[in-house]
2 protein chains.
Amino acid sequence: MAKRSHAHPHIQASSPSESKRDILRSAQRVLAILELIARTPGGLTVRAVSKLLQLNISTCYHSLNTLLTAGYVERLPSGHYVLGPQIPYLNDAYLRTLTHDWPATDPQESWQAVARVPAHRPSLSQRLRPILHSLSERSQEPAYLAGWRYGEVELQAIVEPAHAERIPGIYIGYRGQAHAHALGKVLLAYSSPAFVEDYLARHALIRLTQRTIVERTLLCEELHTIAHQGYSIDREELHADTACLAAPVRDAQGRVMAAIAISFRSDLLSRRGEWLIAQVLRAARQASAELRLSRPCEQC
Amino acid sequence: MAKRSHAHPHIQASSPSESKRDILRSAQRVLAILELIARTPGGLTVRAVSKLLQLNISTCYHSLNTLLTAGYVERLPSGHYVLGPQIPYLNDAYLRTLTHDWPATDPQESWQAVARVPAHRPSLSQRLRPILHSLSERSQEPAYLAGWRYGEVELQAIVEPAHAERIPGIYIGYRGQAHAHALGKVLLAYSSPAFVEDYLARHALIRLTQRTIVERTLLCEELHTIAHQGYSIDREELHADTACLAAPVRDAQGRVMAAIAISFRSDLLSRRGEWLIAQVLRAARQASAELRLSRPCEQC
DNA sequence: GATTGCGATTTCATTATTTGAAATACCGTC
DNA sequence: GACGGTATTTCAAATAATGAAATCGCAATC
């Protein structure tokens, strides 16, 4: 975007690393402080922020005041700043934007259609929640729904049973590491080769556990296998001790719109694997059936 | 905080309304833009932001770029900006801060103890989730958990059954309007008079429906009734057509630490009210029993 | 195939805003 | 009562944001 054209007539020397144009530096700093606080469970004092970010304490003081008055952080009586109530408020708004249906995956440009999708039609996650619910109920494991969003795999719904916990570090809105989980792999497996190409060009295959598939060729083989067998397995590829199973959800035209999954302790795979696969496939079939009827479809 | 002392020797005339000191204006503007986008389901273009906020288009352009590169917004191919993946990421961090136990309510200062509570003990919402789950299961209505946080009632857990939807506009992390819902009323009902006094001084009794209690004396009467009967009812006080029932959860010392509730279509109140009250009371009793055993208590 | 309209991007000088060092205030502890 | 660790305030320096206007790009229209 920024053209970084002929240097300013002004000074500009003093900025240490090549600082980006078109960015509001104090705003950027404030956001960086917010993220730092998010990463620190117990909160941070003004001074701590100043030290960690190598910023003048006065700058941090003003930045934190800005965040404070806007509700993005809160100040504990101890002087520690923690995330404030504006965060879940914005998240609620974000969740409502999941209330679109996305066109499937294919040529990287397909998601541009999103712009044309009218807001406020019943979302996939809303329509499929009962199915996730019963999947979670039957299996007594957490159930997940993911779809494409702006060229990324996005986790869009989680239904947890009373006792089992979701995979740590995973949350609604989580994107990425598609190569390392069952949902991502199954969605990629049913994408066009051109799209997979593009996806792999945009994403490094980061190693998350010893089992993560980090070889491009191995991953492509895996995707073929998945497309052939109709579901995907994550054997501790994302998180040690945890396995996932995922299966595709198709719309009336047969396009893969989403994927449904469950996660569970990986040692269950050998004992209950077959049964769990059957449950996931069943839920995915139900979901596809649900999408087949009464599509409030605009672009058909 | 800001002392607004003797006017600067500089100009300072040009700022129209009394602009606050100790605030980073460009950062504040960026946050305002973020909130504007959050309020707009379909997203906004640079120009639209500029018009709505009465800012120079160049300012908006730079602000949006800042938000964009930090992941707080995303740009659709149409040029519309919508909330980005950083929002749910921060929310996940916020949710983890719910992983404290809070001291109860009383004298407005009690929440200052939060600062001393070590992070990472099992949270109320984690411990009580199975109970909420079975409450939701039995009643087939959404179940809620709320507690005190920094002197405010905060919604801390929601368990939705397969088919019923939570109250719109309500989300985990939601605070306030305690006078208008069952959870808030029951928590206030078991707070000390001094605290209620303080709470009422800090919060106007905003009218949300025709039934909202906006008279201070009426609310106090209501709180007395609630404390006497052991549960609270919200009869369309927060949201038209929706009723809630809430009951207190006590710790081993008998202090009210939280409240459990369900919401449902208000017409069910006459038919199933008695039964639903029994369910909520039962869940609250179970929760209190759960808190009674094996408290990982630091300050006792 | 050129034109128009609409909006995004870039430019650049002006000027207000942010910065940073240091002084000061605060609070709990020894 | 002094000390150590922080938070807050001050104020001049100078950096960084602003705003008007020019430019660019795209798509619809003539």
Side-chain angles (χ1 to χ4, degrees), chain A residues 1-16 18-30 32-33 43-69 73 75-81 112 115-116, chain B residues 1-17 19-33 43-69 73 75-81 109 112 115-116:
Chain A
M1 308 269 153
K3 228 202 297 193
R4 185 71 56 79
S5 49
H6 28 293
H8 273 187
H10 287 268
I11 309 94
Q12 152 166 6
S14 65
S15 53
E18 36 77 50
S19 55
K20 297 245 184 63
R21 220 63 352 94
D22 296 340
I23 297 279
L24 268 38
R25 303 170 64 108
S26 67
Q28 193 176 41
R29 243 190 316 269
V30 161
I33 290 174
L44 289 168
T45 64
V46 175
R47 177 159 295 244
V49 170
S50 148
K51 280 187 182 137
L52 286 168
L53 254 32
Q54 307 266 59
L55 293 170
N56 188 293
I57 190 167
S58 170
T59 304
C60 294
Y61 175 73
H62 291 305
S63 302
L64 284 168
N65 257 344
T66 307
L67 288 168
L68 185 64
T69 59
V73 300
R75 215 192 97 109
L76 303 184
S78 65
H80 289 256
Y81 288 86
Q112 302 199 351
R116 271 166 261 130
Chain B
M1 311 263 152
K3 228 203 296 191
R4 183 73 56 79
S5 50
H6 27 295
H8 273 190
H10 286 268
I11 307 97
Q12 147 162 13
S14 65
S15 53
S17 57
S19 57
K20 296 243 183 63
R21 220 61 354 92
D22 296 339
I23 297 279
L24 268 38
R25 301 170 63 107
S26 65
Q28 193 176 41
R29 242 190 316 268
V30 161
L31 297 177
I33 290 174
L44 290 169
T45 63
V46 174
R47 179 161 292 249
V49 170
S50 149
K51 280 188 183 138
L52 286 168
L53 253 33
Q54 307 268 59
L55 293 170
N56 188 291
I57 190 169
S58 171
T59 303
C60 294
Y61 175 73
H62 291 305
S63 302
L64 284 167
N65 258 343
T66 307
L67 288 168
L68 185 64
T69 60
V73 300
R75 216 192 96 108
L76 303 183
S78 64
H80 289 256
Y81 287 86
E109 313 305 349
Q112 301 198 352
R116 272 167 260 129

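From a predicted model like this one, the values you see are computed outputs, not experimental measurements. A, B, ... follow the sequence lines: proteins, then strands. Residue 1 opens every chain.
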Here the gap from A/Ile57 atom CD1 to A/Ser63 atom OG, rounded to the nearest 0.5 Å, amounts to 11.5 Å
To the nearest 0.5 Å, how far apart are OG1 in A/Thr69 and CD in B/Gln28? 5.5 Å
Atom pair distance, as rounded to whole Å: [atom1] in [X] and [atom2] in [N]:
X	N	atom1	atom2	result
A/Gln28	D/dA16	CD	P	12 Å
A/Arg47	C/dC26	CZ	P	17 Å
A/Tyr81	D/dT6	OH	P	14 Å
B/Tyr61	D/dC24	OH	C1'	12 Å
A/His62	D/dA7	NE2	P	14 Å
A/Ile57	D/dT8	CD1	P	9 Å
B/Asn65	C/dT10	CG	C1'	12 Å
A/Arg75	C/dC26	CZ	P	14 Å

Of the candidates C/dA21, D/dT9, C/dT10, the side chain of B/Asp22 sits closest to D/dT9
On DNA chain D, compare the nucleotides closest to A/Ala48 and B/Ser58; which residue's is nearer the 5' end? A/Ala48
Which is more 5' along DNA chain D, the nucleotide nearest A/Ala27 or the one nearest A/His80? Just name the residue.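 Mapping each residue to its closest nucleotide by heavy atoms, the 5'-most match is A/His80.
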Taking B/Ser50 for the side chain and B/Leu55 for the main chain, is one N or O donor matched with an acceptor at less than 3.5 Å?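 Between the backbone of B/Leu55 and the side chain of B/Ser50 there is a qualifying donor-acceptor contact (under 3.5 Å).
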When you measure from the side chain of A/Thr45 to the backbone N and O of A/Gly79, does any donor-acceptor pair fall under 3.5 Å?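 No; zero donor-acceptor contacts below 3.5 Å.
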With DNA chain C as reference, determine whether B/Gly79 or A/Ser63 sits nearer its 5' end, using the nearest nucleotide of each.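 Taking each residue's closest nucleotide, the earlier one in sequence belongs to B/Gly79.
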Contact between B/Leu67 and B/Ile33 at the side-chain level, heavy atoms closer than 4.5 Å - yes or no?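 Side-chain contact under 4.5 Å: yes.
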Between the base of C/dG7 and the side chain of B/Thr45, is there a donor-acceptor distance below 3.5 Å?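 No pair found.
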Think A/Thr59 has a side-chain N or O under 4.0 angstrom from the OP1 or OP2 of C/dG20?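 Checking C/dG20 against A/Thr59, a side-chain N or O does come within under 4.0 Å of OP1 or OP2.
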